[in-house]
Amino acid sequence: MPDKLLKPGQKAPKSGQYEITGPRGGGTGVERTVTRNEPLPPPEQKGQRYRLVDPTQHRRKP
(Lines give C-alpha, C1' and ligand atoms only; values in the text may rest on other atoms or scores of the structure.)
Protein backbone atom coordinates (compact mmCIF):
# COMPACT_ATOMS: atom_id res chain seq x y z
CA MET A 1 0.00 0.00 0.00
CA PRO A 2 1.56 3.34 -1.04
CA ASP A 3 1.96 6.15 1.46
CA LYS A 4 -0.93 8.59 1.49
CA LEU A 5 -0.07 11.96 -0.05
CA LEU A 6 -1.64 14.98 1.65
CA LYS A 7 -2.42 18.34 0.07
CA PRO A 8 -1.14 21.66 1.48
CA GLY A 9 -3.72 23.19 3.83
CA GLN A 10 -5.10 19.77 4.79
CA LYS A 11 -5.05 19.00 8.52
CA ALA A 12 -2.24 16.66 9.57
CA PRO A 13 -3.65 13.30 10.75
CA LYS A 14 -0.63 12.73 13.07
CA SER A 15 2.19 14.81 14.54
CA GLY A 16 5.59 14.28 12.96
CA GLN A 17 7.95 14.99 10.10
CA TYR A 18 6.29 15.39 6.70
CA GLU A 19 8.42 15.20 3.54
CA ILE A 20 7.52 17.41 0.59
CA THR A 21 7.05 15.28 -2.53
CA GLY A 22 7.22 16.30 -6.15
CA PRO A 23 4.21 16.40 -8.48
CA ARG A 24 4.73 12.72 -9.39
CA GLY A 25 5.28 11.57 -5.79
CA GLY A 26 9.07 11.45 -5.63
CA GLY A 27 10.75 12.67 -2.45
CA THR A 28 12.54 16.04 -2.36
CA GLY A 29 14.45 15.49 0.88
CA VAL A 30 12.81 18.57 2.43
CA GLU A 31 10.80 17.96 5.60
CA ARG A 32 8.47 20.05 7.76
CA THR A 33 7.44 19.38 11.37
CA VAL A 34 3.66 19.53 11.74
CA THR A 35 1.47 19.00 14.83
CA ARG A 36 -1.67 16.87 14.62
CA ASN A 37 -4.78 18.73 13.39
CA GLU A 38 -2.70 21.71 12.19
CA PRO A 39 -2.82 22.60 8.46
CA LEU A 40 0.11 21.55 6.30
CA PRO A 41 2.11 24.62 5.16
CA PRO A 42 2.29 25.86 1.56
CA PRO A 43 4.93 23.94 -0.44
CA GLU A 44 7.90 25.45 -2.26
CA GLN A 45 6.46 24.76 -5.74
CA LYS A 46 3.06 24.21 -7.32
CA GLY A 47 1.86 20.59 -7.38
CA GLN A 48 3.89 19.41 -4.39
CA ARG A 49 2.29 17.36 -1.60
CA TYR A 50 3.27 15.88 1.76
CA ARG A 51 4.02 12.36 3.02
CA LEU A 52 4.41 11.42 6.72
CA VAL A 53 7.91 9.96 7.08
CA ASP A 54 8.58 10.09 10.85
CA PRO A 55 5.60 10.12 13.22
CA THR A 56 6.15 11.57 16.69
CA GLN A 57 6.50 8.95 19.44
CA HIS A 58 4.37 9.65 22.50
CA ARG A 59 4.89 8.07 25.89
CA ARG A 60 2.15 7.76 28.46
CA LYS A 61 2.90 8.74 32.01
CA PRO A 62 2.42 5.90 34.51
*asked:* Using every non-hydrogen atom in the two residues, find where K7 and Q10 come nearest and quote the distance to one decimal.
replied: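 Nearest heavy atoms, K7 then Q10: N-OE1, 2.7 Å.
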*Identify the heavy atoms of P42 and P8 that sit nearest to each other, and give their distance.*
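Answer, listing the atom of P42 first, then P8: CA-CB, 4.3 Å.
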_Verdict with supporting geometry, E31 and V53, side-chain contact (heavy atoms from CB on, under 4.5 Å)_ = CA-CA 9 Å; E31 295 180 358; V53 291; 3.4 Å; yes
_Checking T28 against T21 for the side-chain contact (heavy atoms from CB on, under 4.5 Å) test, could you report, in this order, the C-alpha distance in whole Å, the side-chain angles of both residues, the deciding distance, and whether it holds?_
CA-CA 6 Å; T28 62; T21 63; 5.7 Å; no
*Remaining members of hydrophobic cluster (4.5 Å side-chain criterion), Y18*: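 Grouped by the 4.5 Å side-chain rule, L6, I20, V30, V34, L40, Y50, L52 form the rest of the cluster around Y18.
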_Selection residues 32-51 - residue pairs positive for salt bridge (Lys or Arg N to Asp or Glu O under 4.0 Å), sequence neighbours left out_ =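 Residue pairs with at least one partner in residues 32-51: D3-R51, R32-E44.
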*asked:* Quick test of your reading: applying salt bridge (Lys or Arg N to Asp or Glu O under 4.0 Å), list the pairs with at least one residue in residues 9-19, sequence neighbours left out, ordered by first then second residue.
replied: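 Checked against salt bridge (Lys or Arg N to Asp or Glu O under 4.0 Å) - neighbours excluded - no pair reaches residues 9-19.
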*side-chain hydrogen bond (donor to acceptor under 3.5 Å, both in side chains) partners of T56, counting only residues at least two apart*: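 None.
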